[in-house]
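First the structure, in the form of C-alpha cells, and then the observations on it.
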Amino acid sequence: MSGAALAQASPVPGCAEAPVLRERGQREVFCGLTGIIWLHRKIQDAFFLIVGSRTCAHLMQSAAGVMIFAEPRFATAIIEERDLAGLADANEELDRVVNQLLARRPDIRLLFLVGSCPSEVIKLDLSRAASRLNATHAPGVRVLNYSGSGIETTFTQGEDACLAALVPEMRADPAPGLLVVGALAEVVEDQMRRLFAALGIGPVAFLPPRRAAELPGIGPGVRFLLAQPFLAETARLLEARGARRLAAPFPLGAEGTTAWLRAAAEAWGVPATRFREVTAIGEQRARTAIARHRVPLAGRRIFFFPDSQLEIPLARFLSRELGMQPVEIGTPYLHRQHLAEELALLPADAVLSEGQHVDRQLDRCRAARPDLVVCGLGLANPLEAEGFATKWSIELVFTPIQGYDQAGDLAELFARPLHRRATLMV
Ligand code: SF4
C-alpha cells in the first residue's frame, strides 16, 4: 500500500485507542546491523561476523568510528563479486574465515553469523552454515545466526533478531524468576539489580547476558519485563517457551521507572509500603534531576520522525515529566500490546503515525514548525540547515537512559540541542 490511511477508532482519554496515521512510503533508516554496535559491548565473549559487502563494512566502520578497540568483537566477511556471480563457493569461504577467526581468538564463546542484504541476495543459508560450524566448534563455541539486513527493518530490530536467536538456546527451567529483556548499559543493569534485591524480587536474570555461559533458563515460572520497546519477536518466543510478560510502561524517567518496577513488585506480592520505602529516594532523586531541565523544555513542541521505536515512551516522558508538547509521534512499528500502558499516558491530542513516508512527514514537520525534531542522522543535517533544532534518535539507543539515575541525563539530551541553537542565534 502506498500513501497514508487514517485508521478509524474513537479516541478515549490518553492515546490508547487514538487514530493512527499509517504511512507506507520511502524509508530513511539504518539497518539492523547497527545493533551490533551496542550488542558487542554487552555480551563480552561474543563475536559478530557480518556476512556482507563492503557497504556493510563501511556502515559499521562509520557507525562505530568513534570507538577504539584493542580487540574488536565484530567484523565483516566480505562477499566479493565472484561470490555474487556464483563463481566461488561462499559456504567454503565462510567456513575458512570462521575457522581462522576462532583459531586466532580463543576468547570467543558465542559467534553470531549476521546476515545482510548481499548474503540474502545470493541466498546464503546462514542457519545451515551455523549448524555445520557448530558440528565443528561446539561446545567450546556456539554458532548462531540472525539477519541484520535492512530493506524492511529499522535499526533496533537487529537487537530483536539477535535476542530472538538466543531464546532457543535457553535451557528449560521451571523455576520462578524475573527476566529483564533488552540490552541495558551495565551501570543501569547494576542499579536495577540493587532495586530488585531490595524489593526481595528474584532470582533476576538479564537477556542478553554479559557472558554466553550466563544465558538464563526459561519456563512457565519466569515473568519477564521488557526494558526496550522494540523486542516483539523475542517476547513472542519467550511466551512460546511459557514465560509471561509483565505489562508496564518502559523505565524512562521517574514515573516510567517506578511503574516498571511496580509491575514486578505486584507480581511478587511486595507490600505497597515496602515498595515506597525502596523506590522513594531514587524516584525523588530522578524528579530533582529532571526538574533542572523543565524550564527550557516546558511548553516546547516536539516532532518525532519514526526511527528507533523508542518514540512513544520518550514522548510520554517528555510530555508528562517535562511539560513538552508532542506535535507528532512517528514510530516505525506500533506494537499496541507492548505499548498499551505508554499509549494510555500520552496526551489525548497527540498525533500518532506508524511507518515511514519521508516526504509527507517532512511536509507535516515543516508546517508544524516544532521547537525540536527527533530524527535519524540522514534527516538531521538538512533540517538543521532549514533552521530546526534536532536530536539524533540513534543517540538515545547508545546512551544509558533507563532508570532513576539516568532520568536527568535523558532530559538533558533534549535540552542540549535547544540550548545549542539558542547560543548560535545570540
Ligand atoms: Fe549491508 Fe543491507 Fe545494511 Fe546496506 S542495508 S549496510 S547492504 S545489510
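These numbers were taken from a predicted model, which means no experiment stands behind them. Side chains are part of it too, since the values below use all heavy atoms of this structure and drop only hydrogens, waters and symmetry mates. Atoms within each ligand, like the ligands themselves, are counted from 1 in listed order.
- We find that R142 and E169 are joined by a salt bridge, their nearest charged nitrogen and carboxylate oxygen being less than 4.0 Å apart.
- The S116 neighbourhood of ligand 1 comprises atoms 8 (S), with distances under 4.0 Å to a heavy atom of that residue.
- Ionic pairing of E93 and R96 is present here: one or more N-O contacts between side-chain nitrogen and carboxylate oxygen are shorter than 4.0 angstrom.
- Not one N/O/S atom of C56, from backbone or side chain, sits under 2.8 Å from atom 3 (Fe) of ligand 1.
- The existence of a salt bridge linking D371 and K391 is excluded, since no basic side-chain nitrogen approaches an acidic carboxylate oxygen closer than 4.0 Å.
- Close approach of ligand 1 to C31 is summarised as follows: ligand atoms under 4.0 Å from at least one heavy atom of the residue are 3 (Fe), 5 (S), 6 (S), 8 (S).
- Each of the following atoms of ligand 1 lies closer than 4.0 Å to a heavy atom of C117: 2 (Fe), 5 (S), 7 (S), 8 (S).
- Applying side chain to side chain donor-acceptor pair (under 3.5 Å) to E189 and the options K42, R194, Q402 leaves one that passes, K42.
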